[in-house]
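When a ligand or atom number is given, it counts from 1 through the structure's own listing order. The structure displayed is predicted, hence computed values, not measured ones.
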Amino acid sequence: MSAEVDKLNESLSINDKVEFRLGKGGLKKIHITNKMSDAEIYLHGAHLTSYKFAKRELIWLSPNAEFQNDKAIRGGIPICWPWFGKHPQNASLPQHGFARLSNFEVSQVFEDECENIVIILSLESGKKPLSMFPYQFRLEVKFVIGDNLEISLTTINQGNVSFRVTEAIHTYFQVADIRQTVVSGLDKVDYFDQLEQTSYTHAGQLFFIEETDNIFNSADQPLQIVEAGEVLSNINQRNANSTVIWNPWIEKSGVFPNDGYLNMLCVEAANTEEGALVQSGKQHTIAQVID
Ligand code: TA6
């Protein structure tokens, strides 16, 4: 495995800025250091596990996260694709799709004109059983790492028939105490409460006193995570019909450590329900930008 890491470093590393390393569980990862930010991305799942701006960590990763080829990493930024949640027809298929369980190839690594580091990881249909998703596709996950973090998923339809995907950039934000945290930008926005299976219209800021699993209709409006009066993150999304907000609270926090639910909040750019249509020969991109 370290020979593979050496090979990646020979062809794609950038001096003092981008280095391939052997990460936890022997999985390959990319370490990025920029002027103001540092990040870490595993090729398994194209999964970002850390983004620090001015040394402050913005992303929550479970201290109990498992790093194995056949498991999704808990925390960080899982990529849910080509379906979000349960598969609509076949419940035996993995929740949130197979991207977060797949090993991605490194397509491009470069520094752009604004000194951002750009990493593009890809996954192609040839590597996946047709029974999972019977279409010819290429998925590109692009990370632009600089004074903010931009993540985009581009679904490219390489076949002769159109298909739909549902998807999410399932970001786990780090907070000190979820009970002191609010999300603003959702006033008067309709949402579907997944726990009650009922639709509502939200009013004011969103605060957290219990398990929350809501799918908000999105007009790609800007959002903010604010804790005890301090803005922790500004979040913008593009081409997403939904924003999913999730905290499992105590009983459902599963592999989280004790009280881990207090330190995290998922705010996800997503295409849920009918998802996104990708016509033959065309592509679709969803993005989330965090600063
Ligand atoms: O995005 C919210 C959600 O779909 C929740 O319903 C919850 O199940 C969560 O994702 C985590 O899913 P996971 O498969 O990673 O345990």
Compute the ring centroids of [X] and [Y], then answer whether they are less than 6.0 Å apart.
{"X": "H96", "Y": "F84", "answer": "yes"}
{"X": "F133", "Y": "W81", "answer": "yes"}
{"X": "H202", "Y": "Y200", "answer": "no"}

Part of K86 with heavy atoms under 4.0 Å of ligand 1, whether side chain, backbone, both or neither: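 For K86, no heavy atom sits under 4.0 Å from ligand 1.
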Polar contact flag for W246 and ligand 1 (N/O pairs, less than 3.5 Å):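 No.
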Polar proximity ligand 1 side, Y172 side, N/O cut 3.5 Å exclusive: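 No, Y172 has no N/O under 3.5 Å of an N/O on ligand 1.
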Numbered atoms and elements of ligand 1 in range of [X], under 4.0 angstrom, heavy atoms:
{"X": "Q95", "answer": "8 (O), 12 (O), 13 (P), 14 (O)"}
{"X": "V244", "answer": "1 (O), 2 (C)"}
{"X": "F84", "answer": "1 (O), 4 (O)"}

Protein contact of atom 6 (O) of ligand 1 - nearest heavy atom, named by residue and atom, plus distance: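 Nearest neighbour among protein heavy atoms for atom 6 (O) of ligand 1, to 0.1 Å: D213 OD2, 2.5 Å.
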Distance from atom 3 (C) of ligand 1 to nearest protein heavy atom, with residue and atom: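 Ranking protein heavy atoms by distance from atom 3 (C) of ligand 1, first comes H96 NE2, 3.7 Å.
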Does [X] pair with [Y] as a salt bridge, N-O distance under 4.0 Å?
{"X": "K55", "Y": "D38", "result": "yes"}
{"X": "R74", "Y": "E66", "result": "no"}
{"X": "R164", "Y": "E274", "result": "no"}

Other residues, nucleotides, ligands: >12 heavy atoms within 6.0 Å of D16 CG: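 12 or below, so no.
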Shortest heavy-atom approach to atom 13 (P) of ligand 1 - which of H170, E211, R100: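 Answer by nearest heavy atom: R100.
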From the candidates E268, Q194, R74, the one that places a heavy atom nearest atom 16 (O) of ligand 1: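 Ranked by closest heavy atom to atom 16 (O) of ligand 1, first place is R74.
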